[in-house]
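In what follows, chains are A, B, ... by sequence order, proteins preceding strands, each numbered from 1. Values below: every heavy atom of this structure, side chains too, minus hydrogens, waters and symmetry copies. As the structure is a computational prediction, the values presented were derived from the model and not from experiment.
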Number of protein chains: 2
Amino acid sequence: MPRWKPDAAERLQAAALDLFDEQGFERTTIAEIAQRAGLTQRTFFNHFTDKREVLFILSAELQQRIVQEIATCDDTTPPLDTVVRALEAVAETVLEQRRTVTARRHAVVTANPELHERELSKNAALTTAIATELHTRGHPRQTAFLAAGAAMLAQQAAFHQWTTPGETRTLSHLLTEAVHSLSTTVSNPATRKSHQR
Amino acid sequence: MPRWKPDAAERLQAAALDLFDEQGFERTTIAEIAQRAGLTQRTFFNHFTDKREVLFILSAELQQRIVQEIATCDDTTPPLDTVVRALEAVAETVLEQRRTVTARRHAVVTANPELHERELSKNAALTTAIATELHTRGHPRQTAFLAAGAAMLAQQAAFHQWTTPGETRTLSHLLTEAVHSLSTTVSNPATRKSHQR
DNA sequence: TGACGTGATTGCAGCTTGTGCAATCACCGT
DNA sequence: ACGGTGATTGCACAAGCTGCAATCACGTCA
């Protein structure tokens with residue numbers, strides 16, 4: 001038998017998700033989480049720099065895969081479509097499974113301001129990572145940032161719909177619809193002047 | 001003579017900005033800030049719920065003014081333009097003055113992850129406030145959110161340019177340019193299909 | 001077989017953030 | 001003169017987080 005049970009980080013995450021769900025984020029102490037995972041408070045901080053980080057194990061790998069997906073994309077497709085396709089692909093292969101776990105985690109995150117704040121931070125990091133990748137692929141900095149931000153905006157809207165109780169459509173489908181809505185919202189023929197430099 | 005010197009919150013903010021600039025956010029304790037402002041650690045927490053909040057005094061008033069600006073706008077203008085005009089108006093009357101202070105504060109905020117995180121949170125709160133206002137003015141929820149998010153995205157891009165050393169153009173000008181760039185980036189004729197419901 | 005390095009875990013001491021509660025004390029209206 | 005108001009403060013305390021040293025099974029290598 002091994003000296004320690006394996007997958008300490010995952011066990012800590014599971015315990016934290018349960019406890020945050022049961023009694024809320026603030027009313028849960030690190031010691032409680034560690035105890036439920038059969039570990040110690042000190043060990044918790046060996047795995048996570050932060051109390052909040054325990055719910056964001058996936059985001060690093062997620063970001064890596066999305067950037068990778070962008071890197072292996074046709075150079076001729078416009079930047080926004082590149083990002084959207086990458087988001088769709090990753091959403092398909094990792095979010096669409098574990099729909100229930102994702103929903104539970106999302107509920108916990110949005111229920112607490114501190115966790116929500118951290119999620120915003122992760123989204124921002126992902127946005128700049130995407131923008132950087134687009135920039136290295138030849139797009140100007142501003143274009144890269146706007147494309148990345150627009151895609152993430154649509155992703156957020158789609159995700160919000162995807163996690164509403166009655167929804168059955170796939171996240172990928174909702175994302176393309178959201179992009180379309182964004183397109184019509186932004187490029188409204190009205191007051192936008194031609195205004196070229 | 002008054003028993004206490006006035007403007008405690010402002011004094012605390014000034015002291016905090018100085019100290020964060022000099023020695024960084026993490027290496028500055030609340031006691032230090034309070035002491036430099038001639039107050040106590042306990043008093044600091046009477047004014048701010050958080051160590052980070054001391055740099056975000058303005059954001060509440062800013063949000064209020066922007067929402068107000070949207071409320072007093074012609075109903076016929078498309079939602080994105082409504083938000084952009086509101087942002088321009090407020091940027092004109094409060095950001096464009098104190099350009100140096102704003103730049104200093106922005107440098108400190110972006111230099112520290114925790115402060116940056118809080119700024120993202122404030123931006124998100126502003127986005128949902130704008131979206132809510134647009135929704136009460138009759139726009140569907142998704143359109144309202146996308147318009148608010150798109151405007152904030154352009155605002156972020158414009159602000160980034162505005163705070164680069166060589167820049168002399170006005171923030172309002174940069175914002176309209178950013179919106180135009182976003183428009184061409186999003187409504188690229190390429191792969192976006194008509195795709196109506 | 002026995003010595004040794006590795007690495008995950010743990011205990012402990014300590015600092016900082018943030019909160020609850022009670023006390024102080026100038027100011028203001030009556 | 002008297003009592004209410006409100007900003008400030010001290011004190012005690014919980015919780016987050018860090019640095020440092022120690023433990024101890026496991027694998028390796030002589």
For the pair made of CZ in B:Arg27 and P in D:dC17, what is the distance, rounded to whole Å?
18 Å

Answer yes or no on whether A:Arg105 is positioned over the face of A:Phe20, meaning its NZ or CZ is under 6.0 Å from the six-membered ring centre and within 45° of the axis.
no

For A:His160 together with B:Phe145, are the ring centres under 6.0 Å from each other?
no

Give the rounded distance in Å between these two atoms: CG of B:Leu12 and P of C:dT17.
14 Å

Hey, can you pull the residues of residues 38-53 of chain B with a non-hydrogen atom under 4.0 angstrom from DNA chain C?
B:Gln41, B:Arg42, B:Phe45, B:Thr49, B:Asp50, B:Lys51

Can you tell me how far P of D:dA14 sits from CD of A:Glu26, to the nearest Å?
18 Å

Does anything in residues 11-22 of chain B pair up under side-chain hydrogen bond (donor to acceptor under 3.5 Å, both in side chains), and if so which pairs, sequence neighbours excluded?
B:Asp18-B:Arg104, B:Asp21-B:Arg104, B:Glu22-B:Arg36

Verdict with reasoning, B:Arg52 to A:Glu117, per side chain to side chain contact (heavy atoms under 4.5 Å, CB included)
CA-CA 13 Å; B:Arg52 316 173 193 172; A:Glu117 200 170 291; 2.7 Å; yes

If we count only N and O atoms by modelled type, under 3.5 Å, do the side chains of B:Thr143 and A:Thr185 hold a donor and an acceptor together?
no

Do the side chain of A:Arg137 and the main chain of A:Cys73 share a donor and acceptor less than 3.5 angstrom apart?
yes

Return the value, rounded to whole Å, for the distance between atom CZ of A:Phe25 and atom C1' of C:dG18.
14 Å

Across the strands shown, which category fits B:Ala8 at heavy-atom distances under 4.0 angstrom: base, sugar-phosphate, nothing?
sugar-phosphate

In this structure, how many angstroms lie between the P atom of D:dT8 and the CD1 atom of B:Ile30, rounded?
16 Å

